[in-house]
Student: 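I'd like to ask some things about the structure below.
If you read the sequence from its start, that first residue is 1, and numbering goes on from there. What you see is a predicted model, and the numbers here were worked out from it, not measured in a lab.
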Amino acid sequence: MGIILNPNNIDFQKSINSEIYIDKTELIKHTNKVINTEQQYICVSRPRRFGKSMAANMLTAYYSRGCDSREMFSSYKIAKADSFEKHLNQYNVIHINMVDFLSEASNIEEMIAEIQKAILFELTNEFSDVRFYDDKKLARSLKDIFAKHSVPFIFVIDEWDCIFREHKNDTDSQTKYLDFLRNLLKNQSYIALAYMTGILPIKKYGKHSAINMFTEISMTNARELAEFTGFTESEVKELCTQYDMPFDETKRWYDGYNLKGISIYNPRSVVMSMTGHDFDNYWTSTETYEALKVYIQMNFDGLNNMITRLIAGEKIEINPAKFQNDMTTFNSADDILTLLVHLGYLTFDFYTKQVWIPNSEVAQEFINSIEDGGWEEVMRSIRASDELLSATLDGDEEKVAELIEQSHQDNTSILKYNDENSLSCVLSLAYYSARKKYTIERELPAGKGFADLVFKPRTNCHSPALIVELKCDGSAEGSIEQIKNKQYTDCLKDYSGEILLVGINYDKESKKHSCKIERVKK
């Protein structure tokens, strides 16, 4: 048993000792399946505090010959798998956290030298019976050990991408680091499995990637491992029942990561929310909002326009394929938005190629990032949104029209609109604070058509539902008639009570807004 080579299982034991531990051991079922195959190289990238290190410690505890983990895993899902006994504690595991070495080195050459020195120190102590050709060369020493004992190695590398995050502009060092990993891992018969974790996918450089043998599991394509990225909805529902917490509010705060159709919750935030019995910005509090601010201030291809639309609740189509998997090479707004997906500030639908802000916790981080300057018009609309909602609920048609008109005037330079779709975006921004009480859906199938905006009261919200219909160069009264004639109230199937029908019209010539509000019962 060593520190890096064949460590014990104490780190994973701490995870399962915790008050909340969600069984993700079936990840091992997948890694068992790819051992000693062409798919034995796996790189998992996901945002900070999404359980990367826990998974790395779990794999180490399961595979390491330095411990006996049968009892530890016996009550978890993996114990029922056919492959459980075959691979349990059967491999020489080398577990490296790259941050440990980066923090102690002054440059990349020193870091690589220290990694090799530390591993070789433990290898030569553990395998004193092996005659090494050159005990200063790591890859050759691993070959010598494998030739003697025929027991393959499993590499578990945590925070593999820390160099690209800490030394963003040092491309020479990044290239040397990638070449080191390639020489250590690629096409080496002593390796049965290499599992790396990080925030960024593998860096592309030149005409190739030095470690292009890895299957990438990322926030833009979680492949078959989506359920292991965070907490699933069924897991969160069980926790809400156990801790007597409202599921709807938990969903509003921490849900929203769409991974191949699977709804994933932020694990750090859910755990903190359940154990503290409250709702707060737990994930975003672990890093300053400046990390987000620096990227959204880069106005590539009208990025400011896109960020405003995202804050308003819109979805935006992007092309993530050209992203260079680093934090400095940006050639378009798509590159910035793709990075924000990997950092966890946006979620991405693999099938529609759209991004959006996943939940209330992250939405607040965007507000924090634009509040200090340069986005005064957007912030004015957001600050006025409480007043707009109150005016709507009070049936004050003139005030509603006045506030919407002000929001339009404030944001016309960013959100130029001359159609109902663009008007809908401005209205979503103007009603920003309503999200605390309502789920807001756009273009919702209803009756004989699609309702522009539907506000459904959340659990424990006693305010009436709202159906908002928008017109350009029509009339507010005509909007109300359309709601009635096309039976838009049918979309509120599980709702009974008062509904406000809100008609909004924008006159392009006069640039004036008008509003009509009617109350109906359902």
Side-chain angles (χ1 to χ4, degrees), residues 1-28 30-31 41-64 66-67 69 72-73 76 78 91 93-104 111 115 118-119 154-166 181 193-202 214 216-219 222 225-232 235 254 257 259 264-272 275 282-287 291 342-344:
M1 182 183 72
I3 298 172
I4 297 174
L5 172 66
N6 291 332
N8 59 28
N9 54 26
I10 189 171
D11 290 332
F12 183 56
Q13 183 67 56
K14 291 177 181 178
S15 295
I16 62 180
N17 287 348
S18 300
E19 181 176 340
I20 293 178
Y21 168 72
I22 299 296
D23 185 354
K24 296 291 183 180
T25 58
E26 283 192 319
L27 170 63
I28 300 169
H30 174 78
T31 55
Y41 298 95
I42 301 172
C43 181
V44 175
S45 57
R46 64 181 74 153
R48 57 192 167 80
R49 308 310 298 268
F50 265 69
K52 296 185 297 293
S53 295
M54 186 281 294
N57 292 335
M58 177 180 72
L59 294 177
T60 298
Y62 174 77
Y63 289 117
S64 174
C67 53
S69 300
M72 172 180 284
F73 286 99
Y76 295 114
I78 185 58
Y91 296 89
V93 172
I94 293 177
H95 184 177
I96 311 168
N97 188 322
M98 288 299 182
V99 171
D100 294 341
F101 291 95
L102 179 63
S103 62
E104 295 179 358
M111 174 185 168
I115 291 171
I119 298 174
I154 286 179
F155 274 78
V156 178
I157 302 176
D158 203 6
E159 302 284 2
W160 86 272
D161 63 330
C162 60
I163 291 170
F164 299 94
R165 292 184 274 120
E166 298 296 326
L181 291 178
L193 174 72
Y195 181 94
M196 299 199 308
T197 78
I199 293 176
L200 296 172
I202 290 172
F214 277 86
E216 302 239 28
I217 309 295
S218 72
M219 297 300 282
L225 300 185
E227 66 178 289
F228 305 111
T229 304
F231 290 174
T232 63
E235 292 165 346
Y254 308 124
Y257 294 96
L259 299 176
I264 293 296
Y265 289 65
N266 184 317
R268 153 83 180 185
S269 297
V270 171
V271 168
M272 295 297 289
T275 55
Y282 288 114
W283 176 69
T284 55
S285 68
T286 63
E287 184 171 307
H342 292 299
L343 295 177

Student: Tell me whether Asn6 contacts the main-chain N or O of Gly2 through its side chain, where contact means a donor paired with an acceptor under 3.5 Å.
Tutor: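 Answer holds: no.
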Student: Return the set of residues passing ring pair (Phe, Tyr, Trp, His ring centres under 6.0 Å) with Phe155 (not counting sequence neighbours), or none when no residue passes.
Tutor: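 So Phe155 forms no ring pair (Phe, Tyr, Trp, His ring centres under 6.0 Å) with any residue.
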Student: Can you check whether Ile199's main-chain N or O pairs, donor with acceptor, with Asp161's side chain at less than 3.5 Å?
Tutor: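 Yes, the answer is positive, given that a donor and an acceptor are paired below the 3.5 Å cut-off.
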Student: At their closest point, which heavy atom of Leu259 faces which heavy atom of Ala222, and how far apart are they?
Tutor: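 Scanning both residues completely, I find the closest heavy atoms to be CB-CB, 4.1 Å.
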Student: Are Met272 and Trp283 packed together at the side-chain level, in the sense that at least one heavy-atom pair is separated by less than 4.5 angstrom?
Tutor: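 No, side chains not in contact.
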Student: Could you give the distance from CD1 (Ile22) to CD1 (Ile16), rounded to the nearest 0.5 Å?
Tutor: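 The CD1 atom of Ile22 sits 13.5 Å away from the CD1 atom of Ile16.
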Student: State, to 0.1 Å, how close Tyr91 and Ile154 come at their nearest heavy-atom pair, and which atoms those are.
Tutor: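 Taking every non-hydrogen atom into account, CG-CD1, 3.6 Å.
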Student: Between CG of Leu5 and CD1 of Ile96, what distance do you get to the nearest 0.5 Å?
Tutor: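 Output value for this atom pair is 10.5 Å.
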Student: If you round to the nearest 0.5 Å, how far is CD1 of Ile20 from OG of Ser15?
Tutor: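 So the gap between those two atoms works out to 13.0 Å.
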Student: Specify the closest pair of heavy atoms between Phe12 and Met54, including all atoms of both residues, with the distance to one decimal.
Tutor: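 For Phe12 versus Met54, the nearest heavy atoms are CE1-SD, 3.9 Å.
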Student: Under the criterion side-chain contact (heavy atoms from CB on, under 4.5 Å), I'd like the reasoning laid out for Ile217 against Arg46: C-alpha separation, chi angles, the key distance, then a yes or no.
Tutor: CA-CA 8 Å; Ile217 309 295; Arg46 64 181 74 153; over 6 Å; no
Student: So Pro7 and Thr60, do their side chains get closer than 4.5 Å, heavy atoms only?
Tutor: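 Yes - at least one pair of side-chain heavy atoms lies under 4.5 Å apart.
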Student: A side-chain contact here means heavy atoms from C-beta on lying under 4.5 Å apart; do Met58 and Phe73 qualify?
Tutor: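 Side chain of Met58 against side chain of Phe73, heavy atoms only: contact under 4.5 Å found.
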Student: Thr31 and Tyr62: side-chain donor and acceptor closer than 3.5 Å?
Tutor: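 There is no such pair (donor and acceptor under 3.5 Å, judged by atom type) between the side chains of Thr31 and Tyr62.
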Student: My understanding is that only one of Asn9, Asn17, Asp11 makes a side-chain hydrogen bond (donor to acceptor under 3.5 Å, both in side chains) with Gln13; could you say which?
Tutor: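 That would be Asn17; it is the only one of Asn9, Asn17, Asp11 passing the side-chain hydrogen bond (donor to acceptor under 3.5 Å, both in side chains) with Gln13.
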Student: Would you say that Met111 contacts Ile163 through its side chain, given a criterion of any heavy-atom pair below 4.5 Å between the two side chains?
Tutor: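 Contact flag for Met111/Ile163 side chains = yes.
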Student: Could you check whether any side-chain heavy atom of Leu181 comes within less than 4.5 Å of a side-chain heavy atom of Trp160, counting everything from C-beta outward?
Tutor: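 A side-chain contact exists here, since the closest heavy-atom pair is under 4.5 Å.
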Student: Quick one: are Met98 and Ile115 in side-chain contact, heavy atoms under 4.5 Å?
Tutor: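 Met98 vs Ile115: side chains touch.
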Student: Check each of Thr232, Thr229, Leu225, Ile78 against Lys24 using the side-chain contact (heavy atoms from CB on, under 4.5 Å) test, and report the only one that passes.
Tutor: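 When side-chain contact (heavy atoms from CB on, under 4.5 Å) is applied between Lys24 and each of Thr232, Thr229, Leu225, Ile78, only Thr232 qualifies.
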Student: Looking at every non-hydrogen atom in both residues, tell me the closest pair between Ile28 and Tyr63 and how far apart they are.
Tutor: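 That closest heavy-atom pairing would be O-OH, 3.9 Å.
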Student: Give, for atom CG of Asp100 and atom CD1 of Ile4, the distance between the pair rounded to the nearest 0.5 Å.
Tutor: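 The CD1 atom of Ile4 is 8.5 Å from CG of Asp100, to the nearest 0.5 Å.
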Student: Could you walk me through whether Asn266 and Tyr282 pass the side-chain contact (heavy atoms from CB on, under 4.5 Å) check?
Tutor: CA-CA 10 Å; Asn266 184 317; Tyr282 288 114; over 6 Å; no
Student: Which heavy atom of Gly230 sits nearest to which heavy atom of Glu235, and what is that distance?
Tutor: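 Minimum heavy-atom contact is O-OE1, 4.1 Å.
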Student: Distance from Glu227 atom CD to Leu27 atom CG, nearest 0.5 Å?
Tutor: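 Between atom CD of Glu227 and atom CG of Leu27 there are 9.0 Å.
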Student: Going by heavy atoms in the side chains, are Tyr254 and Phe231 under 4.5 Å from each other?
Tutor: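 In short, these two side chains do not touch, never coming nearer than 4.5 Å.
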Student: Indicate the atoms forming the closest heavy-atom contact of Met72 with Ala61, along with that distance.
Tutor: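 Nearest pair, atom of Met72 first, then Ala61: SD-CB, 4.2 Å.
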Student: Taking the side chain as every heavy atom from C-beta outward, state whether Lys52 and Val44 have any atom pair closer than 4.5 Å.
Tutor: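 They are not in side-chain contact.
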Student: Measuring from Ile10:CD1 to Cys67:SG, what's the distance to the nearest 0.5 Å?
Tutor: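 Interatomic distance, Ile10 CD1 to Cys67 SG, rounded to 0.5 Å: 11.0 Å.
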Student: Run Glu216 and Ile202 through side-chain contact (heavy atoms from CB on, under 4.5 Å) and show every step you take.
Tutor: CA-CA 8 Å; Glu216 302 239 28; Ile202 290 172; 3.2 Å; yes
Student: Is a donor on one side and an acceptor on the other found under 3.5 Å between the side chain of Ser218 and the backbone of Ser45?
Tutor: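 Such a contact is absent between Ser218 side chain and Ser45 backbone.
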